[in-house]
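So that we are looking at the same thing, I have put the structure below in structure tokens.
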Amino acid sequence: MSESKLVAYEVINRIAWVKFNRPEKRNCMSPALNAQMMDVLCELEFRDDVGVLVLSGEGDAWSAGMDLKEYFRETEAKGHGAVRAAQRMAYGWWERLRWYQKPTIAMVNGWCFGGGYGPLYACDLAIAAETATFGLSEINWGILPGGGATKVITDLVPMRDAMYHAMTGENIDGRKASEWRLVNEAVPLSQLRERVTEIANVLLKKNPVALKATKDVVRRVRDMTYDSAEDYLIRAQEAANSYDNDGRKEGLKQFIDDKTYKPGLNSYDVEKK
Ligand code: COA
């Protein structure tokens, strides 16, 4: 990997380990990093040897949020058009990640501030080190939590906690982030990669078409009425069937006819056709 790469990745056993790779700047997101991240996401998304994507950070940070110098001050100096272009680039890869073809896991190894909440939310699952630090630091330097951060905290965390977090700029650690459900769970840093690998391996055994459909509907139905959701879920399953109508039939067969597994206890063998 070349030194100038702001995003690093390697693929091991069908897991793409993608890293913010700017440790000397605590992995804060500059326009250049955002552009590289979009390229890496595009490169990996439809590769057959990638089944799960994990996003982590090199060094002691996950991401210290937006780059105050290169993303804010320098683009503002170039004018409104440059600001909008920088926003499109950042929001663009977060959106790409929210609707990514493969399941995604945020492996939060350290600092996670402000704009970092965008990619944190974009990942389907999030596992943090107990010692990771989360903060909406925007208020500390005089702005509101933009770039989706306010939406993220109010979507995931009850209003009183969200309000306190946003107004005081007080940080929480990984354990508290797990209590608040900002992340799924927190584990000691020394066990973080092992735990994430374990979860990734569970996902790798599932039907990939069903996984993509599932992650999308979980995000989509949040804003729907019950009736709209019910109707949408019928259509979404039928659409998934048009990509893979055999998988679920195989799943039924392995339970009902072959009796090789129980869906209540584990997954059907997706390798067997
Ligand atoms: N934007 C721009 N530069 C940043 C940055 C950010 N968000 N976060 C860290 N850096 C830079 C620092 O300016 C410093 O650069 P320098 O070596 O050229 O002086 C370098 O990264 C190391 O940061 P430093 O503050 O010395 O590291 P630390 O380990 O003592 O502290 C943090 C880590 C994350 C607590 C601290 O860097 C920080 O508060 N960063 C800003 C976090 C923030 O408010 N993000 C929200 C943006 S929306």
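Atoms within each ligand, like the ligands themselves, are counted from 1 in listed order.
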Taking only heavy atoms of Glu24, which atoms of ligand 1 are found under 4.0 Å from at least one of them? 20 (C), 21 (O), 22 (C)

Glu74/Lys69 ion pair, N-O < 4.0 Å: yes

Given the protein's heavy atoms, is any one of them under 4.0 Å from atom 14 (C) of ligand 1? no

among protein heavy atoms, the one nearest atom 18 (O) of ligand 1 is Lys25 NZ, 2.6 Å

In terms of residue, atom name and distance, what is the protein heavy atom nearest to atom 32 (C) of ligand 1? Trp111 CE2, 4.3 Å

Check whether any protein heavy atom sits under 4.0 Å from atom 47 (C) of ligand 1. yes

Of all heavy-atom pairs between Cys28 and Ser63, which one has the smallest distance, and what is that distance? CA-OG, 4.1 Å

My question is simple, although I want it checked carefully: is atom 36 (C) of ligand 1 less than 4.0 angstrom from any protein heavy atom? no

Between Ala64 and ligand 1, which part of the residue brings a heavy atom under 4.0 Å of the ligand: side chain, backbone, both or neither? both

Which residue pairs pass the salt bridge (Lys or Arg N to Asp or Glu O under 4.0 Å) test with at least one member in residues 140-169, sequence neighbours excluded? Lys151-Asp155, Asp155-Arg222

How are the rings of Tyr91 and Trp94 set relative to one another: parallel (under 30°), tilted (30 to 60°) or perpendicular (over 60°)? tilted

Salt bridge Lys25-Glu70, side-chain N to carboxylate O under 4.0 Å: no

More than 12 heavy atoms of other groups within 6.0 Å of Arg235 CZ: yes

How does Glu70 reach ligand 1, by side chain, by backbone, by both or by neither, if only non-hydrogen atoms under 4.0 Å count? neither

Checking a contact table here: which protein heavy atom is nearest atom 39 (O) of ligand 1, and how many Å away? Phe113 CE1, 5.0 Å

Donor + acceptor pair across side chains of Glu250, Tyr268 (<3.5 Å): no

Measuring to protein heavy atoms, does anything land under 4.0 Å from atom 44 (O) of ligand 1? yes

Under 4.0 Å from one or more heavy atoms of Leu68, ligand 1 contributes atoms 1 (N), 2 (C), 6 (C), 7 (N), 47 (C)

Check Glu170 with Lys176, please: is the shortest side-chain N to carboxylate O separation under 4.0 Å? no

Does Asp60 reach ligand 1 with a nitrogen or oxygen that is under 3.5 Å from one of the ligand's nitrogen or oxygen atoms? no

Atom 30 (O) of ligand 1 - nearest protein heavy atom and its distance: Arg26 NH2, 4.6 Å

Heavy atoms of the protein only: does one fall short of 4.0 Å from atom 27 (O) of ligand 1? yes

Within a distance of under 4.0 Å, is there any protein heavy atom near atom 21 (O) of ligand 1? yes

Mind checking ring-ring contact (aromatic ring centres under 6.0 Å, His included) for Phe255 and listing every partner two or more places apart, or none if nothing turns up? none

min-distance protein heavy atom vs atom 3 (N) of ligand 1 -> Cys28 SG, 3.8 Å

Side chains of Arg248 and Asn241: do they bring a donor and an acceptor to under 3.5 Å? yes

Taking only non-hydrogen atoms of Gly115 and a 4.0 Å limit, the atoms of ligand 1 in range are 48 (S)

Are any of the side-chain heavy atoms of Leu182 and Tyr117 separated by less than 4.5 Å? yes

